[in-house]
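One structure below.
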Amino acid sequence: MNSRPALNLIARFAETRRGLLVMGLMALLPGLAQAQAPSIGQGPGYHDPRSPFKPLQEREGVLSWSLLAAVTTRTEKNRLLPTFPAAVQALNQKKVKVQGFMMPLEPGDKQRHFLLSSVPTSCSFCVPAGAEGLVEVFTQQPVRYSLEPVLVEGVLAVLSDDPYGLYYRINGGQGLAAP
């Protein structure tokens, strides 16, 4: 097979401004893959130091995100499934308090179904953490949307095989006074 036409195409592409930019970014990819910051949408979440919101502080009587993030995963039939430590499994169907940043799932300023994230969102269309940094919340009464952290209380479900890939859900929740 003659690779000469392919080399000519690459050379012409590299001559364009866009081509130079793309080829430069491709050269940087191996170095970026070794960066120390966690990837967006994976893990317990990365709090961007440029964020106008302070990171959540651990509070007495409030479920710790570090405990929720202690989950590991295993591959089973082409799926990643969570393996929870005993301390997390013991919380299944128990009433807990969780603080976090609200990610609305419904239109409007009052929410009955939303996600709580361990870190604030930096983009309306981005998920700031992996499944171990999110809790799906269903409340009895609507909770007013806020950019500041919210505190909810309800029954925690530890999900081992959720069709949406979530690990945690609060059912019968209620909003509490701001943390």
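Note: the hydrophobic cluster containing V96 also contains L56 (ILVMFWY, side chain heavy atoms under 4.5 Å, direct or indirect links). A continuous path of Ile, Leu, Val, Met, Phe, Trp and Tyr side chains, each step under 4.5 Å between heavy atoms, connects V152 with L91, placing both in one hydrophobic cluster.
A pairwise comparison of heavy atoms in S118 and W65 identifies CB-CD2, 3.4 Å as the closest pair. The two residues Q174 and T139 make their nearest non-hydrogen contact at N-CG2, 4.3 Å. In this structure, Q89 and F84 approach most closely via the heavy-atom pair NE2-O, 3.4 Å. Of all the heavy atoms in E136 and L115, the pair that sits closest is CA-CD2, 3.6 Å. Closest approach of A87 and L67 over heavy atoms only: CB-CD1, 3.9 Å.
When the salt bridge (charged side-chain N to carboxylate O under 4.0 Å, His left out) test is applied to E58, no partner is found at least two apart in sequence or on another chain. Under the side-chain contact (heavy atoms from CB on, under 4.5 Å) criterion, E106 pairs with Q111, R112, H113, sequence neighbours left out. With sequence neighbours excluded, the residues satisfying side-chain contact (heavy atoms from CB on, under 4.5 Å) with E76 are R74, L81. Scanning for side chain to side chain donor-acceptor pair (under 3.5 Å) contacts around S66 gives S64, with sequence neighbours left out.
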With a 3.5 Å cut-off and sequence neighbours excluded, list the donor-acceptor pairs that the side chains of residues 140-151 form with protein atoms.
unit_1, atom_1, unit_2, atom_2, d
R144, NH1, D109, OD2, 2.5
S146, OG, E148, N, 2.9
S146, OG, E148, O, 3.4

Side-chain donor-acceptor contacts of residues 156-168 below 3.5 Å, not counting sequence neighbours, with atom names and distances?
unit_1, atom_1, unit_2, atom_2, d
D161, OD1, R79, NH1, 2.8
D161, OD1, R79, NH2, 2.8
D162, OD1, R169, NH2, 2.9
D162, OD2, Y164, N, 3.0
D162, OD2, G165, N, 3.3
D162, OD2, L166, N, 3.2
Y168, OH, L68, O, 2.7

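Side chain of Q99 to backbone of L116: no donor-acceptor contact under 3.5 angstrom is found.
Contact check for V155 versus I170: no side-chain heavy atoms found under the 4.5 Å cut-off. Contact annotation: the side chain of T83 never approaches that of T73 to less than 4.5 Å [non-hydrogen atoms, C-beta and beyond]. Between T75 and L80 the shortest side-chain heavy-atom distance falls below 4.5 Å.
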